[in-house]
Amino acid sequence: MARSNDEVAALFQEYADLISITGGDAFRARVYEKAARAIGGYHADVSTLDLKGLQEIPNVGKSIAGKVLEYFDTGSVSAVEELRSKIPAGVRRLTAIPTLGPKKALALYEELGISTIDELVEAVHAERLRDLKGFGPRTEEKILHGIGLLRAAGDRVLVDVAMDLAEDIVSRLSRVTGCLRCAYAGSLRRLRETIGDIDVLAAAKRSEPLMEAFTELPYVTEVVARGETKTSVRTDKGLAVDLRVIPPDSWGAGLQYFTGSKAHNIRTRELAVHQGLKLSEYGLFDVESGGKIVSETEEDVYARLGLPWIPPTLREDRGEIEAGLRGELPDLVTEEDIRGDLHTHTDLTDGLAPLEEMAAVAAERGYAYYAITDHGPDLYMQRMTDERMLAQREHVRELDRAYGGRGGRGGMRLLHGAELNIGPDGGVDWPDDFLAGFDLCVASVHSHFSQGREELTRRIVRACENPYVNIIGHPTTRIIGKRPGIDADLDEIFAACARTGTALEINAHPDRLDLRDADILRARRHGVRFAVDSDAHATIHLAEMRYGVGTAQRGWLTCDDVINTWPEARLRRFLRKGREERGRS
DNA sequence: GCCGTTTTCGGCCCGACTGTTTTCAGTCG
């Protein structure tokens with residue numbers, strides 16, 4: 001289940017929506033949105049805070065803090081209940097339909113009593129919308145179209161799907177004559193785990209040739225809107241793409257603006273306003289003279305606002321503005337910093353490629369070390385045995401020598417490990433004496449996801465306490481869009497990891513990205529170390545490391561936090577996990 | 001409803017596009 005912060009955040013987001021729908025003060029609605037976001041991202045559990053503690057959360061004042069307390073005291077918030085009683089839940093759901101916002105949703109409900117999508121479809125077909133002010137035939141069409149998209153699961157897509165498409169679009173548009181610069185922006189540039197639509201930005205003196213090329217891309221199925229500066233299309237996978245064409249000297253301001261996030265932009269614009277400036281996608285301007293100050297690069301824009309350049313993965317208004325003003329932005333881990341992959345499979349278990357092929361691609365990536373971690377025997381379908389594992393170890397040692405081995409300059413070290421299964425009681429596949437033969441062990445939950453919260457927590461804490469478990473693999477086991485994470489007390493697990501010298505994995509596979517960014521931020525406060533791993537089951541999966549690194553960046557991690565950026569000697573010390581006295585060499 | 005080295009009151013980001021509108025409201029990002 002969700003942590004109490006998420007519950008409260010969802011409640012206030014709903015309240016903000018209800019305020020908008022009922023025509024309440026727009027600024028009030030915005031405050032609740034801001035408070036919801038601040039609470040969702042706050043490090044401490046809000047259910048443990050008092051009135052004073054709650055008010056230390058940004059955008060939470062006396063009134064909102066009081067509502068949080070009311071929620072935990074009584075299980076509900078009377079102000080929210082009051083609005084809920086006025087507006088059926090279905091009306092709020094109507095606003096999920098593209099082009100249908102709070103005002104139209106309220107009109108539909110008040111004038112026609114419509115509170116479900118089905119009723120809306122029926123009303124459109126009966127031509128009952130035409131009598132409403134502000135609704136015409138085109139509105140009807142758009143609503144039906146929007147409902148179709150909503151139902152066709154035209155939902156958010158995983159980051160890798162969007163990335164592949166965006167990189168292709170950028171490469172095609174870059175070749176258009178007159179295109180001076182082209183890049184993707186938006187949530188994709190910020191490397192969010194899912195992407196709602198793709199924003200592509202281009203710089204050109206004339207937009208027409210770019211708009212033309214854009215609408216004629218082979219996978220474009222529909223041109224939703226077409227203007228001089230902005231064109232929106234939909235692609236055959238249902239993904240929407242916007243192209244914005246801006247003048248070349250607005251590139252920096254445009255890229256900054258369209259990268260977002262919205263919350264980050266609001267903050268940067270506020271900074272501008274306080275300095276008598278105005279920031280828009282066309283540049284940073286002096287309010288009085290109207291003259292343009294800077295905008296050719298993002299660095300210029302941030303610098304004029306008194307900020308260092310802020311990496312896109314931090315632009316979520318989670319403290320990056322404050323840190324930037326103080327000159328304390330983290331020196332984020334990058335893909336180039338990654339020296340090796342510590343969780344990978346071969347065809348000995350459920351991988352697709354043999355050891356040699358996996359190692360060859362790892363070496364091409366320039367890794368200094370590479371761990372093979374096939375499944376242990378407890379996942380019985382993998383048919384692992386002691387003999388097979390020991391035979392693989394010999395094989396790994398041979399290959400290690402072939403790759404330059406010990407002390408070899410530029411050589412890649414191969415580590416032999418295993419991905420252990422954390423059983424229902426927290427035990428793993430092998431006894432200590434067998435585990436002692438591995439260079440490292442990843443341990444992960446693969447089943448019994450629905451144990452009680454305490455049981456699940458204890459189970460993983462026990463795995464951390466195993467002196468041979470170095471990394472907890474995909475810690476929450478979530479599959480994005482398919483399976484929620486397990487209901488464990490993550491803070492207790494984070495504390496156990498920090499105490500025992502066990503790293504938490506950031507699994508880079510795009511449908512996992514586990515831990516997720518918000519959990520990384522919390523874990524970091526416990527002093528936990530992390531391993532960013534591909535969990536590759538095929539050679540192509542090794543390249544998914546980029547999404548794991550993006551997620552690590554979104555969790556504000558530096559090289560010091562990530563064990564697989566460390567030199568081999570430091571990594572090996574960490575992997576000994578306080579077992580030195582046992583005399584392993 | 002929150003917030004403040006210009007404010008304890010009066011602000012609160014800004015612009016594009018669409019459709020129904022004859023000058024603008026709604027939606028979106």
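Below, chain A is the first sequence line, B the second, and so on; all start at residue 1. Values below: all heavy atoms of this structure, side chains included; hydrogens, waters and symmetry mates excluded.
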Closer than 4.0 angstrom, basic N to acidic O: yes or no for [X] and [Y]?
| X | Y | answer |
| --- | --- | --- |
| A/Glu212 | A/Arg226 | yes |
| A/Arg478 | A/Glu193 | yes |
| A/Arg172 | A/Asp168 | yes |
| A/Glu14 | A/Arg84 | yes |
| A/Glu141 | A/Arg138 | yes |
| A/Glu298 | A/Arg189 | yes |

[X] side-chain proximity, nearest of [options]:
| X | options | value |
| --- | --- | --- |
| A/Ala225 | B/dT27, B/dG1, B/dC17 | B/dC17 |
| A/Pro137 | B/dG26, B/dG29, B/dT20 | B/dT20 |
| A/Asn59 | B/dG1, B/dC14, B/dC2 | B/dC2 |
| A/Arg244 | B/dA16, B/dG1, B/dC14 | B/dA16 |
| A/Thr229 | B/dC14, B/dG1, B/dC17 | B/dC17 |

Heavy atoms only, 4.0 Å cut-off, all strands: where does [X] land among base, sugar-phosphate and nothing?
| X | result |
| --- | --- |
| A/Arg130 | nothing |
| A/Lys34 | nothing |
| A/Arg138 | sugar-phosphate |
| A/Lys104 | sugar-phosphate |
| A/Gln55 | nothing |
| A/Lys133 | nothing |
| A/Asp197 | sugar-phosphate |
| A/Ile19 | nothing |

Exercise. Kindly say whether A/Ala16 contributes a backbone atom to a donor-acceptor pair with the side chain of A/Ser20 at under 3.5 angstrom?
Key: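 Present.
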For atom [atom1], what is the distance between [N] and [M], given to the nearest Å?
| N | M | atom1 | answer |
| --- | --- | --- | --- |
| B/dT6 | B/dG1 | C1' | 23 Å |
| B/dT20 | B/dG26 | C1' | 11 Å |
| B/dC12 | B/dC17 | C1' | 25 Å |
| B/dC28 | B/dT23 | P | 25 Å |
| B/dT21 | B/dG15 | P | 27 Å |

[N] [atom2] sits how many Å from [X] [atom1], rounded?
| X | N | atom1 | atom2 | result |
| --- | --- | --- | --- | --- |
| A/Arg192 | B/dG29 | CZ | P | 12 Å |
| A/Met211 | B/dA16 | CE | C1' | 11 Å |
| A/Leu100 | B/dT18 | CG | C1' | 14 Å |
| A/Glu33 | B/dC12 | CD | C1' | 13 Å |
| A/Glu270 | B/dC3 | CD | C1' | 10 Å |
| A/Arg269 | B/dC12 | CZ | P | 13 Å |
| A/Leu132 | B/dG19 | CG | C1' | 15 Å |
| A/His274 | B/dG11 | NE2 | C1' | 9 Å |

Exercise. Would you indicate, yes or no, if B/dG29 has its OP1 or OP2 atom less than 4.0 angstrom from a side-chain nitrogen or oxygen of A/Lys230?
Key: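 Checking B/dG29 against A/Lys230, no side-chain N or O comes under 4.0 Å of OP1 or OP2.
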Quiz prompt | Below 4.0 Å: OP1/OP2 of B/dG26 and any side-chain N or O of A/Thr99 | solution =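 Answer is no, no contact under 4.0 Å.
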Quiz item: More 5' along DNA chain B: A/Val31 or A/Lys142, using each one's nearest nucleotide?
Solution: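 The answer here is A/Val31.
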Quiz item: Of A/Pro98 and A/Tyr15, whose closest DNA chain B nucleotide lies nearer the 5' terminus?
Solution: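 Upstream on the strand: A/Tyr15.
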Quiz item: With both distances under 3.5 Å as the test, what is the Watson-Crick or G-U wobble partner of B/dC9?
Solution: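 Pairing partner, where one exists within any strand: B/dG4.
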Quiz item: Hey, is the side chain of A/Tyr282 pairing donor to acceptor with the base of B/dG15 inside 3.5 Å?
Solution: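 Such a pair does not exist between side chain and base.
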